[in-house]
Amino acid sequence: MKIHIGFEMIYDCPKPTPMIFNLNVHFTRVSDLVSRDDLMFDPPVPRMAYRDSFGNWCTRIVAPQGRIRISADAVVNDSGIPDVLSPQARQLAVQDLPEEPLLFLLGSRYCETDRLSETAWQLFEHAPAGWGRVQAICDYVHRHIVFGYENARMTRTALEAFQEKVGVCRDYAHLAVAFCRCMNIPARYCTGYLGDIGTPPPHGTMDFAAWFEVFLDGSWHTFDARNNTPRIGRVLIARGRDAADVALNNTFGPNTLSRFKVWTDEIA
């Protein structure tokens, strides 16, 4: 199947403002692109690109004073297969983990493992280790948090999501990631496109989505505490420790986001 993906953002800047964007399809999906997902800037501006420490592709610009439009529009091939389930995947002891996932056992800006560890062990100590424990965490987080865009707050941490019991997809992911790390399961935060393919209407307003991956049995596996069911058509943009590592845009000066639109549609 093919999926039409893209976005549009319009910023108003009172003065020239440096910006860093993390909005390109992840390098692991570049071979699936039917058409390029180049970032387009109106008015045109010079740009520089680099890979961050997690391998995500980032673009730097200085937005001019006034209004600037940033957009991308592409088509990507997808298998059409829902997220893979591996219920027999085992949890490795910390001492048996390779070096690469160790970073994702540690606390981070939005995932306060030190403050959630006792709670996590109280809730999940008796869940079966491995896949079953991660699923138990997803089940709990899915029930615990009430979803609503009116509850969105960019500064909300995993602990605050646990306490406030409200949030959006990033809050579900942060709390689940924190709980997994507390239980000695490496977990990393993911952001990307996720449409409503294969789900019954009515469908909500499209946005970028957040989910997470855990390291079990020597490989990474996808989980989604917000939806808590296998989904079709995830298109990864970036991975990191939490949302601070994969912000769609970092701006270094005053600005107003006056328009924001995302599309993720199956092409018939």
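This structure is a prediction, so every number in the text was calculated from the model and none was measured. What's counted below: heavy atoms across the whole structure, side chains too, no hydrogens, waters or symmetry copies.
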Can you check side-chain contact (heavy atoms from CB on, under 4.5 Å) on Asn22 and Phe54, steps first, answer last?
-> CA-CA 12 Å; Asn22 193 344; Phe54 298 97; over 6 Å; no
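- Using a 4.5 Å cut-off between side-chain heavy atoms of Ile, Leu, Val, Met, Phe, Trp and Tyr, with links allowed through other members, Leu105 and Leu92 fall into the same hydrophobic cluster.
- Annotation: side chain of Val168 is not in contact with side chain of Arg226 (no heavy-atom distance under 4.5 Å).
- Clustering ILVMFWY residues whenever any of their side-chain heavy atoms sit less than 4.5 angstrom apart, transitively, puts Leu159 in a cluster other than the one holding Val166.
- Under the 4.5 Å side-chain criterion, counting only non-hydrogen atoms from C-beta, Lys2 is in contact with Asn77.
- For Tyr110 and Tyr189, the ring centers sit 6.0 Å or farther from each other.
- Minimum interatomic distance between Phe212 and Ala187 (heavy atoms only, all atoms of both residues): CD1-CB, 4.4 Å.
- Linking ILVMFWY residues whenever their side-chain heavy atoms come closer than 4.5 Å, directly or via other members, leaves Phe27 and Trp220 in distinct clusters.
- Taking 4.5 Å as the limit, some side-chain heavy atom of Pro186 sits within range of a side-chain heavy atom of Leu97.
- Proximity of Glu164 to Asp171: side-chain heavy atoms (C-beta onward) are nowhere separated by under 4.5 Å.
- Residues Phe215 and Phe104 keep their aromatic ring centres 6.0 Å or farther apart.
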Residue pair Val76, Leu33: steps toward the side-chain contact (heavy atoms from CB on, under 4.5 Å) verdict
CA-CA 4 Å; Val76 60; Leu33 286 170; 4.2 Å; yes
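- Within a 6.0 Å sphere centred on CD of Glu150, heavy atoms belonging to other residues, nucleotides or ligands number more than 12.
- Within the 4.5 Å cutoff, the side chain of Gln65 has heavy atoms near those of the Pro16 side chain.
- Side-chain atoms of Asp37 come within 3.5 Å of backbone N or O of Val25 as a donor-acceptor pair.
- In this structure, the separation between NZ on Lys165 and CG on Asn151 is 14.0 Å, given to the nearest 0.5 Å.
- Looking at Thr17, its side chain never comes within 3.5 Å of a backbone N or O of Ala63 through a donor-acceptor pair.
- Note: the hydrophobic cluster containing Leu248 does not contain Leu236 (ILVMFWY, side chain heavy atoms under 4.5 Å, direct or indirect links).
- Taking CH2 of Trp121 as the reference point, atom NE2 of His126 lies at 10.0 Å (rounded to 0.5 Å).
- Here the shortest heavy-atom pairing between Ile3 and Thr264 reads CG2-CG2, 3.8 Å.
- Ring geometry for Phe41 against Phe21 counts as tilted: the plane angle lies between 30° and 60°, on a 0 to 90° scale.
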> Could you go step by step and tell me if Ile237 and His26 meet the side-chain contact (heavy atoms from CB on, under 4.5 Å) rule?
Replying inline: CA-CA 4 Å; Ile237 289 177; His26 196 260; 5.8 Å; no
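- At distances below 3.5 Å, at least one donor-acceptor pair connects side-chain atoms of His174 with backbone N or O atoms of Ala243.
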Go through it in stages, so that I can follow the logic: the residues are Asp207 and Tyr149, the test is side-chain contact (heavy atoms from CB on, under 4.5 Å), and I'd like the CA-CA distance, side-chain angles, deciding distance and then a yes or no. CA-CA 10 Å; Asp207 197 352; Tyr149 286 114; 3.8 Å; yes
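- Screening Phe208, Trp211, Trp263, Phe7 against Tyr193 for a ring-ring contact (aromatic ring centres under 6.0 Å, His included) leaves a single residue, Phe208.
- Cluster membership for Met1 and Val235, using ILVMFWY side-chain heavy atoms within less than 4.5 angstrom, is shared.
- A donor-acceptor contact shorter than 3.5 Å links the side chain of His203 to the backbone of Thr199.
- If you take CG on Asp38 and OG on Ser71, they are separated by 10.5 Å, rounding to the nearest 0.5 Å.
- With hydrogens and angles left out, the side-chain atoms of Asp242 and Ser108 include a donor and acceptor closer than 3.5 Å.
- Only one option out of Arg231, Arg170, Arg234 pairs with Asp224 in a salt bridge (charged side-chain N to carboxylate O under 4.0 Å, His left out); it is Arg234.
- One finds no salt bridge joining Arg109 and Asp245 here, because no Lys/Arg side-chain nitrogen approaches an Asp/Glu carboxylate oxygen to under 4.0 Å.
- The environment of CD in Gln88 is sparse: at most 12 heavy-atom neighbours from other residues, nucleotides or ligands sit within 6.0 Å.
- Remark: Arg153 CZ is packed, more than 12 non-hydrogen atoms of other residues, nucleotides or ligands lying under 6.0 Å away.
- Contact between Gly195 and Met206 at its shortest, heavy atoms only, is CA-CE, 3.7 Å.
- Without hydrogens or angle criteria, Thr191 side chain to Ala209 main chain gives a donor-acceptor distance under 3.5 Å.
- To the nearest 0.5 Å, atom CG of residue Leu23 and atom CD1 of residue Ile70 are 8.5 Å apart.
- Here the side chain of Arg47 pairs a donor or acceptor atom with the backbone of Leu39 at under 3.5 angstrom.
- In this structure the side chain of Ile61 reaches within 4.5 angstrom of the side chain of Ile68, judged on heavy atoms.
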So Glu213 and Arg188, salt bridge (Lys or Arg N to Asp or Glu O under 4.0 Å) or not? Walk me through it.
CA-CA 5 Å; Glu213 296 172 345; Arg188 61 190 184 188; 2.7 Å; yes
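- In this structure the side chain of Thr119 reaches within 4.5 angstrom of the side chain of Phe179, judged on heavy atoms.
- From Asn228, atom CG reaches atom CD of Gln135 across 5.0 Å, with rounding to the nearest 0.5 Å.
- The CE atom of Met183 sits 6.5 Å away from the CD atom of Glu125 when rounded to the nearest 0.5 Å.
- Within the 3.5 Å criterion, the main-chain N or O of Ala127 finds a donor-acceptor partner in the side chain of Arg133.
- No donor-acceptor pair under 3.5 Å is formed between the side chain of Arg239 and the backbone N or O of Val246.
- For the pair Ile137 and Phe223, the minimum side-chain heavy-atom distance is 4.5 Å or more.
- Enclosure of atom CD in Glu100 by more than 12 non-hydrogen atoms of other residues, nucleotides or ligands within 6.0 angstrom is indicated.
- Partner of Gln91 under the side chain to side chain contact (heavy atoms under 4.5 Å, CB included) criterion, chosen from Leu216, Val134, Val214: Leu216.
- Under 3.5 Å, the side chains of His142 and Asn227 contain no donor-acceptor pair of N or O atoms.
- In terms of heavy-atom proximity, Leu175 sits nearest to Ala158 at CD1-O, 3.6 Å.
- Counting all heavy atoms, side chain and backbone alike, Val84 lies closest to Trp131 at O-CH2, 3.7 Å.
- A distance-only check finds no donor-acceptor pair linking the side chain of Arg60 to the backbone of Pro18 [under 3.5 Å].
- Scanning both residues, Ala120 and Cys182, for their nearest heavy atoms gives CB-CB, 3.5 Å.
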